[in-house]
Amino acid sequence: MAEFEPKIIAFVCNWCTYTGADLTGTSRIKHATNVRIIRLPCTGRIDFMLLMKAFARGADGVIVSGCHPNDCHYTSGNFHARRRWILFRSLLNFMGVDARRIIFSWVSAAEGAKWAEVVNTAVKEIRALGPYDEYKNLAPIRASWRTEHAG
Ligand code: FES
């Protein structure tokens with residue numbers, strides 16, 4: 001039987017992790033191919049609904065990664081993201097999403113090898129958790145999102 005291949009969405013900041021992930025490629029460092037990257041200006045842009053939408057659309061796991069503390073190009077976006085995460089955790093519990101499915105990391109533009117490690121570790125951990133089928137319970141979120149963007 002084929003091994004479960006998790007679908008993982010990575011929300012990364014443009015300035016550090018995205019560039020670090022690019023360095024992974026240009027350095028020809030191999031890593032798992034389960035991750036699809038969504039580039040944002042800063043991790044400070046990430047809100048709870050963005051993460052829930054990823055699950056509602058079939059992701060098995062999510063990576064959030066940005067600049068190291070004190071290196072954010074917008075001064076404090078990563079600190080805002082970290083503070084929001086504390087709030088997210090209790091909401092995830094309420095929504096029935098296992099918090100282990102969301103992985104936070106700091107990866108700088110010079111850390112291509114670290115990005116490969118983050119990806120490989122995330123794939124291994126999410127694979128161990130199995131497929132995220134509970135996303136069907138997030139149907140009301142999907143419905144409200146569709147209504148918001150209809151037009
Ligand atoms: Fe990278 Fe803010 S610009 S976390």
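Positions are given from 1 along the sequence. Just so you know, ligand 1 is whichever comes first in the structure, and atom 1 is the first atom listed for that ligand.
- Relative orientation of the F48 and F88 rings is tilted, given thresholds of 30° and 60° on the angle between their planes.
- With a 4.5 Å cut-off on side-chain heavy atoms, I29 and W115 do not count as touching.
- Residues H73 and D71 have side chains not in contact (no heavy-atom distance under 4.5 Å, counting atoms from C-beta outward).
- For Y18, the OH atom sits in a loose shell: 12 or fewer heavy atoms of surrounding residues, nucleotides or ligands are nearer than 6.0 Å.
- With sequence neighbours left out, the salt bridge (charged side-chain N to carboxylate O under 4.0 Å, His left out) criterion links E117 to no other residue.
- Among protein atoms, those of element N, O or S found less than 2.8 Å away from atom 1 (Fe) of ligand 1 are C13 SG, C67 SG.
- Proximity of R82 to W106: side-chain heavy atoms (C-beta onward) are separated by under 4.5 Å at one or more points.
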